[in-house]
There are 2 protein chains.
Amino acid sequence: MTEMSGGPSSGTGVPGRIGIGLQLDAIHMKILEVLRENGRISVAALAERVGISRASAYTRFEALRADGVIKRFTAEVDHVRAGLGITALVFVTVRQQMWKQFRAQLAQMPEVEYCAITTGQHDAMIQVRMADVAAVHALVTERLASIPAVKATETVFILDEVLKRPYVLPSDHRPRQAPRRPPAADPPPPAGVPLGKMRFVGAAEGRADMRRQT
Amino acid sequence: MTEMSGGPSSGTGVPGRIGIGLQLDAIHMKILEVLRENGRISVAALAERVGISRASAYTRFEALRADGVIKRFTAEVDHVRAGLGITALVFVTVRQQMWKQFRAQLAQMPEVEYCAITTGQHDAMIQVRMADVAAVHALVTERLASIPAVKATETVFILDEVLKRPYVLPSDHRPRQAPRRPPAADPPPPAGVPLGKMRFVGAAEGRADMRRQT
DNA sequence: GTTGAAATTAGTACGAA
DNA sequence: TTCGTACTAATTTCAAC
């Protein structure tokens with residue numbers, strides 16, 4: 001129930017939905033905006049805030065839900081208050097061709113809140129919430145390390161979560177500046193770049209001393 | 001509204017709540033479990049699923065909300081369907097003593113879904129959702145790089161989000177094995193370890209060739 | 001903390017624009 | 001499609017236990 005479904009943005013291998021589904025208009029977006037801020041708002045109040053009739057709101061609401069644009073409604077819990085005060089990120093190097101096993105094992109680890117496959121130096125990043133630092137250590141060394149598919153891990157701790165937005169929507173983005181043709185410098189990214197690790201270092205800035213703590 | 005409040009797990013510098021607030025019992029946890037899976041369930045249905053009366057459910061529900069254990073209710077939106085098909089992680093090195101400015105600038109960037117301050121090689125990790133790869137590139141090179149507080153960035157793309165759990169609770173964790181005293185090997189983590197980067201490499205495994213793509 | 005009522009609100013169905 | 005209304009079912013509130 002917690003595994004995501006379909007497509008390279010969420011799949012476990014299950015092929016994504018073929019049809020294009022709903023074509024979202026401005027009103028759909030407005031509904032999503034309201035709902036991501038207040039997932040428990042009544043459809044009547046939603047209709048009012050969006051500026052449509054109750055009946056239309058019900059129709060659109062149901063369509064968004066049925067079409068999977070809205071995946072679920074959830075309560076955001078303060079994990080510290082709930083007893084899980086430590087959050088860590090574990091970067092995992094996965095043994096080639098053991099991805100399926102890796103995914104299967106992850107599904108068995110309920111303390112993992114998030115897992116994404118990434119480009120770059122590591123293969124995956126997982127986020128875990130635990131009661132204390134020792135529990136993170138135990139999880140990484142005893143449970144993650146014992147998965148044959150896991151070749152290596154690297155753990156960092158989260159000191160502070162600065163922001164967490166319910167869900168980002170295109171309407172949040174500033175109106176994309178007209179696809180300008182850059183005058184000379186700052187060329188757009190090469191089309192065929194292998195989505196690897198991009199690196200930027202402040203202009204004329206040595207890359208020495210790039211390590212510190214907060 | 002999207003900034004998190006209070007305490008080293010969520011603050012922008014605002015001191016955290018002093019009081020201990022609610023003492024959560026098993027029923028509170030059960031309520032949280034239900035609510036994170038279905039944030040729109042009625043309190044009446046919630047009461048039934050948890051096995052308490054409606055009135056109690058209302059009381060506890062309100063208490064959890066008022067106390068901040070439940071921070072908000074939100075709709076999980078399929079960002080791909082919503083038009084933001086690309087997700088990237090940007091690891092940021094922040095210039096010392098410019099954290100405040102860094103946070104302020106981040107608050108101005110609605111395309112940032114998540115930002116956490118971390119230990120390890122980098123100082124912060126931010127997650128962004130954009131319409132395409134070029135937009136990520138533009139964001140990183142034009143907007144992030146123009147923040148004086150940002151010394152350097154490193155970007156990786158998310159190829160697949162394997163799992164995303166609404167919220168992990170202690171009840172998800174397997175019953176913690178009694179705080180065993182390890183026989184000899186595998187000592188618990190040194191108490192005073194600076195929460196830095198922990199690294200694990202599979203036993204007797206060279207650390208060569210640790211790079212691949214999925 | 002529980003039960004059982006009243007008052008309010010939500011969800012549905014329908015015809016009309 | 002969307003809207004407006006009326007109808008039914010459910011939820012929330014509030015009382016007493």
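Numbered from 1 within each chain, the chains take letters A, B, ... in sequence-line order.
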Exercise. Of all residues at least two apart in sequence or in a different chain, which pass the side chain to side chain donor-acceptor pair (under 3.5 Å) check with E33(A)?
Worked result: S171(A)

Exercise. Partners of Q127(A) by side chain to side chain donor-acceptor pair (under 3.5 Å), sequence neighbours excluded?
Worked result: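 With neighbours one apart ignored, the set is Y114(B).
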
Sub-3.5 Å pairs of nitrogen or oxygen atoms, protein against nucleotides 1-4 of chain D:
{"from": "dT2(D)", "atom 1": "OP1", "to": "R60(A)", "atom 2": "NH2", "distance (Å)": "2.8"}
{"from": "dC3(D)", "atom 1": "OP2", "to": "S53(A)", "atom 2": "N", "distance (Å)": "3.1"}
{"from": "dC3(D)", "atom 1": "OP2", "to": "S53(A)", "atom 2": "OG", "distance (Å)": "3.1"}
{"from": "dC3(D)", "atom 1": "OP2", "to": "S56(A)", "atom 2": "OG", "distance (Å)": "2.6"}

Exercise. Please, which pairs that meet side chain to side chain donor-acceptor pair (under 3.5 Å) have at least one residue in residues 50-59 of chain B, sequence neighbours excluded?
Worked result: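 Counting only pairs at least two positions apart or across chains, the side chain to side chain donor-acceptor pair (under 3.5 Å) contacts touching residues 50-59 of chain B are S53(B)-S56(B).
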
Seminar exercise, completed: Rounded to 10°, the angle between the first-five-pair and last-five-pair axes of the helix from dG1(C)-dC17(D) to dA17(C)-dT1(D) is 30°

Tell me every residue that passes side-chain contact (heavy atoms from CB on, under 4.5 Å) with [X], counting only those two or more places apart in sequence or in another chain.
X: A82(A); answer: V77(A), M29(B), L169(B), P170(B)
X: A104(A); answer: none
X: I86(B); answer: V133(B), V136(B), F157(B)

Residue list, salt bridge (Lys or Arg N to Asp or Glu O under 4.0 Å) with [X], at least two apart or on another chain:
X: E113(A); value: R129(A), K164(A)
X: R40(B); value: none
X: R36(B); value: D172(B)

Problem set entry | From R60(A) atom CZ to H28(A) atom NE2, the distance as rounded to the nearest 0.5 Å |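 That separation rounds to 4.0 Å.
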
Exercise. Contact boundaries of DNA chain C with chain A (under 4.0 Å, heavy atoms), 5' to 3'?
Worked result: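 Footprint of chain A along DNA chain C, 5' to 3': dA10(C) to dT12(C).
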
Seminar exercise, completed: Y58(B) atom OH is separated from dA15(D) atom C1', nearest whole Å, by 15 Å

